[in-house]
Amino acid sequence: VHDANGWRLSTGERIRPFGLSQEDKQSFSRLMAECRGVREVSSPAGVVPGDWLMCVRLLGPIEARWADDSEVRFRKSKPLELLTWLVTHPDRPPRAAARTAMWMVDVQSSYINNVVSELRAVLGDAGRFELLDKTAQDRLILDERVVSDADILRHALTRFRHHATDESRLDLQAALSLVRSLPFAGSD
């Protein structure tokens with residue numbers, strides 16, 4: 001039943017419908033345009049433990065580790081957050097999409113440039129390969145040798161389901177050992 005306070009359901013609960021403003025509608029349209037062509041699931045070819053240079057650990061507290069299991073150290077949290085966002089968005093999004101996703105307020109272009117520069121410096125540290133590149137379209141391209149533990153687990157599980165061998169079982173066990181807790185545990 002509709003009344004001055006919204007709608008009353010037969011269970012006694014009240015609901016109040018809401019609508020989108022014209023600005024919300026435009027923002028949603030831009031978001032949908034950006035999402036066209038995005039792959040739903042990343043599928044790095046042959047990603048099994050040991051076939052990557054860096055693993056971003058998402059299944060538990062967020063951290064990044066080199067293939068030799070040494071921790072990737074960041075002076076500030078935003079470069080790690082950007083790395084995490086990039087590894088979970090393998091469609092190689094533009095810098096503007098990362099900026100929109102990571103900051104609720106408008107930040108200066110110089111600030112995001114500093115975050116990207118710091119991430120590049122960390123990834124290029126100690127003679128490592130250049131793992132973050134930029135295209136002419138201002139897309140941030142993360143090397144496919146940078147993976148997440150979720151990618152490793154997904155690949156191992158798919159491989160085990162299609163070819164249940166001793167080797168695929170061992171790969172799945174190794175991938176499961178990367179799970180430390182709920183995804184993004186301890187993150188806001």
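Every value quoted in this text rests on a predicted model; they were computed, and no experiment measured them.
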Practice item. Tell me, with the steps shown, if L153 and L176 meet side chain to side chain contact (heavy atoms under 4.5 Å, CB included). Key: CA-CA 6 Å; L153 181 58; L176 282 168; 3.7 Å; yes

Practice item. Verify whether one side chain among E167 and T165 offers a donor that lies under 3.5 Å from an acceptor in the other. Key: no

**Study point:** Pair N113, S110: side-chain N/O donor-acceptor within cut-off below 3.5 Å
**Key:** no

Review point. OG/S168 to NE2/H163 distance, rounded to the nearest 0.5 angstrom?
Key: 8.5 Å

Exercise for review: Could you grab the distance from atom CZ of R65 to atom CG of D149, nearest 0.5 Å is fine?
Suggested key: 11.5 Å

Short side-chain to backbone donor-acceptor contact, [X] and [Y], under 3.5 Å:
X	Y	answer
K78	V116	no
T158	R154	yes
H89	W85	yes
D171	A156	no
R8	G12	no

**Study point:** Qualifying residue for side-chain contact (heavy atoms from CB on, under 4.5 Å) with M54, from V147, V87, L123, D143
**Key:** L123

Within-4.5 Å side-chain heavy-atom neighbours: [X] and [Y]:
X	Y	answer
W103	I112	yes
R14	W7	no
I62	R57	no
L172	L157	yes
L83	L142	yes

Review point. Passes side chain to side chain contact (heavy atoms under 4.5 Å, CB included), L119 versus L86? Steps please.
Key: CA-CA 11 Å; L119 178 57; L86 289 171; 4.1 Å; yes

Review point. So, R120 and E118, do they make that salt bridge, N to O below 4.0 Å?
Key: no

Exercise for review: Look at R180 together with E63 and state whether they make a salt bridge at an N to O cut-off of under 4.0 Å.
Suggested key: yes

Check your understanding: Side-chain heavy atoms under 4.5 angstrom apart, residues restricted to Ile, Leu, Val, Met, Phe, Trp, Tyr: same cluster for V179 and I152?
Key -> no

Practice item. Evaluate side chain to side chain contact (heavy atoms under 4.5 Å, CB included) for W52 paired with V146, printing each intermediate quantity in order. Key: CA-CA 6 Å; W52 38 265; V146 177; over 6 Å; no

Nearest heavy atoms of [X] and [Y], plus distance in Å:
X	Y	result
F74	P79	CD2-CB, 3.6 Å
S148	C55	C-SG, 3.8 Å
T84	L58	CG2-CD2, 3.5 Å

Review point. Should we say atom CD of Q108 is surrounded by more than 12 heavy atoms from elsewhere, each under 6.0 Å from it?
Key: no

Point to revise | Flag if over 12 foreign heavy atoms under 6.0 Å of NE2, H2 | key: yes

Point to revise | L80 and V122: CA distance, side-chain angles, deciding distance, side chain to side chain contact (heavy atoms under 4.5 Å, CB included) verdict | key: CA-CA 10 Å; L80 177 58; V122 168; over 6 Å; no

